[in-house]
Amino acid sequence: SHSPPPAPLEKVFQYIDLHQDEFVQTLKEWVAIESDSVQPVPRFRQELFRMMAVAADTLQRLGARVTSVDMGSQQLPDGQSLPIPPVILAELGNDPTKGTVCFYGHLDVQPADQGDGWLTDPYVLTEVDGKLYGRGATDNKGPVLAWINAVSAFRALEQDLPVNIKFIIEGMEEAGSVALEELVEKEKNRFFSGVDYIVISDNLWISQRKPAITYGTRGNSYFTVEVKCRDQDFHSGTFGGILHEPMADLVALLGSLVDSSGHILVPGIYDEVAPLTEEEINTYKAIHLDLEEYRNSSRVEKFLFDTKEEILMHLWRYPSLSIHGIEGAFDEPGAKTVIPGQVTGKFSIRLVPHMNVSVVEKQVTRHLEDVFSKRNSSNKMVVSMTLGLHPWIANVNDTQYLAAKRAIRTVFGTEPDMIRDGSTIPIAKMFQEIVHKSVVLIPLGAVDDGEHSQNEKINRWNYIEGTKLFAAFFLEMAQLH
Ligand SMILES: NCCCC(=O)N[C@@H](Cc1c[nH]cn1)C(=O)O
Ligand SMILES: [Zn+2]
Ligand SMILES: [Zn+2]
């Protein structure tokens, strides 16, 4: 339906189409490595080391100069220590007349167990109706390989790479990118010094078929609130009625955070939220989202908001508060008559520009102390912010946004949705703040890929057209740089 690719790309696209089965086979080999970074057990760590070694070898065979940086070890709360898989820093091309684009990706995955409702073995990439099912297929092994495949197409055709390319690939993203910030800091004036642009492909489109470019993510302040009477449980027959029960305090505290319309009740929390402009409203209007389909595919009867614009704004440009769980609560089947002696509630606030992590920490702590003091409870309450991840927003007029748009036009014959992401990609903000480079997120996966979920997949079409997209992007970057 759209015009043929410009001449230099024609052969590259042909090559990609002809070799697509090989690309799928490599993805299959990578998915077979159980590189789960979330479960802190030696077996998975070994798999992670194997994964990083396989990737380093692949890049070396492409002709890249590869360094596998030793990341030391991770101290776990239970006193155990586990080695952290190396971070790969790789470079291809060093031509000072060309621009340098750095790609960040991760090769660790979320846990997956076939018993949890997978229809196929999560570690055996299985194709059904053009969908490639497997853990890590879309998050993030497929997109990392798409970038590598694009480079390999130029190499195989002995075509000069239009840009210098660097890779930073880690193996601990799903566990919070352990120790990565220190490395980025350390490499700021070394590995990153020649980098002009940074590309991340670790999120999804908001559509099945329409590509997107992502220019912002929310941050996250993660809190725990512990309420303690003593470090042992009670029998509710022998103590019920004479105690300030920790769980009752905690439920009141958690219940004071957000109202039934999703409005956060912490005083001052909305003060720094960027005001909404007319121009911004128009960007939301331009995005195509079939709300009925979105609602049905999410299997939610009714959302808090009725219009596409309100839904997207509340996912992307307003904060939200979610209550995640209670440690120490009785959560088994049956009717145990326990009064937990100590409970810890967990909740987090997704942050948006221009909210500030430490201001939010103070506001939340003050609010909880205020609510708690009104209860006159004799229990002890401790509030902690265990994670403070900043929101990120880019300038969509940067060169690489233009290059990505042009590449999308070439491959897909359409304008991309310009989107933000309601979740958090901490590295995006780190790159912007520490390395001072422009960052773009170019997602490849479709809205229903099911990152972190059972039956995660990437469509063969997305994987192969995504490979072409990256190839076209190299050329556009070269022309615009
Ligand atoms: N689509 C990309 C999602 C990446 C992701 O899930 N990131 C986590 C990071 C995080 C935030 N707080 C704790 N971890 C997320 O939940 O947003
Ligand atoms: Zn990811
Ligand atoms: Zn993930």
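Counting convention: from 1, in listed order, for ligands and their atoms alike. Nothing fancy with the numbering, it's 1 onward along the sequence. A quick note: this is a predicted structure, and the numbers were derived from the prediction, not measured.
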Exercise. Decide whether Asp417 and His288 meet the rule of one side-chain donor and one side-chain acceptor closer than 3.5 Å.
Key: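 The answer is no; no qualifying pair exists.
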Quiz item: Can you tell me if Ser35 and Asp108 form a side-chain donor-acceptor pair at under 3.5 Å?
Solution: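 No, Asp108 and Ser35 have no side-chain donor paired with an acceptor closer than 3.5 Å.
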Quiz prompt | Atoms of the protein (N/O/S only) found under 2.8 Å from the Zn ion (ligand 3) | solution =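 Protein N/O/S atoms under 2.8 Å of the Zn ion (ligand 3): Asp139 OD2, Glu174 OE1, Glu174 OE2, His452 NE2.
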Quiz item: Is NZ or CZ of Arg209 both nearer than 6.0 Å to the six-membered ring centre of Trp461 and within 45° of the ring axis?
Solution: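 Ring-cation test returns yes.
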Quiz prompt | Lys166 NZ/CZ over Phe191 ring centroid, <6.0 Å and within 45° of normal | solution =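 Geometry flag: set, cation within 6.0 Å and 45°.
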Exercise. Can you run down the ring-ring contact (aromatic ring centres under 6.0 Å, His included) pairs that involve residues 416-440, sequence neighbours left out, and say none if there aren't any?
Key: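 ring-ring contact (aromatic ring centres under 6.0 Å, His included) check on residues 416-440 returns Phe192-Phe431.
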Self-check item: side-chain contact (heavy atoms from CB on, under 4.5 Å) against Gln110, all qualifying residues, sequence neighbours excluded
Solution: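 Partners of Gln110 by the side-chain contact (heavy atoms from CB on, under 4.5 Å) criterion, ordered by chain and then number, come out as Val38, Arg135, Glu174, His452.
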Exercise. Taking the side chain as every heavy atom from C-beta outward, state whether Leu351 and Asn220 have any atom pair closer than 4.5 Å.
Key: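 Not touching, per the 4.5 Å side-chain cut-off.
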Pairs of nitrogen or oxygen atoms, one from ligand 1 and one from the protein, closer than 3.5 Å: please tabulate them with distances.
residue, atom, partner, partner atom, Å
ligand 1, 1 (N), Asp202, O, 3.4
ligand 1, 1 (N), Glu451, OE1, 3.4
ligand 1, 1 (N), Glu451, OE2, 3.3
ligand 1, 7 (N), Thr424, O, 2.8
ligand 1, 12 (N), Asn220, ND2, 2.9
ligand 1, 16 (O), Arg350, NH2, 2.9
ligand 1, 17 (O), Arg350, NH1, 2.8
ligand 1, 17 (O), Arg350, NH2, 3.4
ligand 1, 17 (O), Thr424, N, 2.8

Quiz item: Between Phe305 and His314, what is the ring plane arrangement, given parallel below 30°, perpendicular above 60°, and tilted in between?
Solution: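 Parallel.
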Quiz prompt | Parallel, tilted or perpendicular, as decided by the 30° and 60° cut-offs, for the rings of Phe223 and Phe347 | solution =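 Phe347 vs Phe223 ring planes: parallel.
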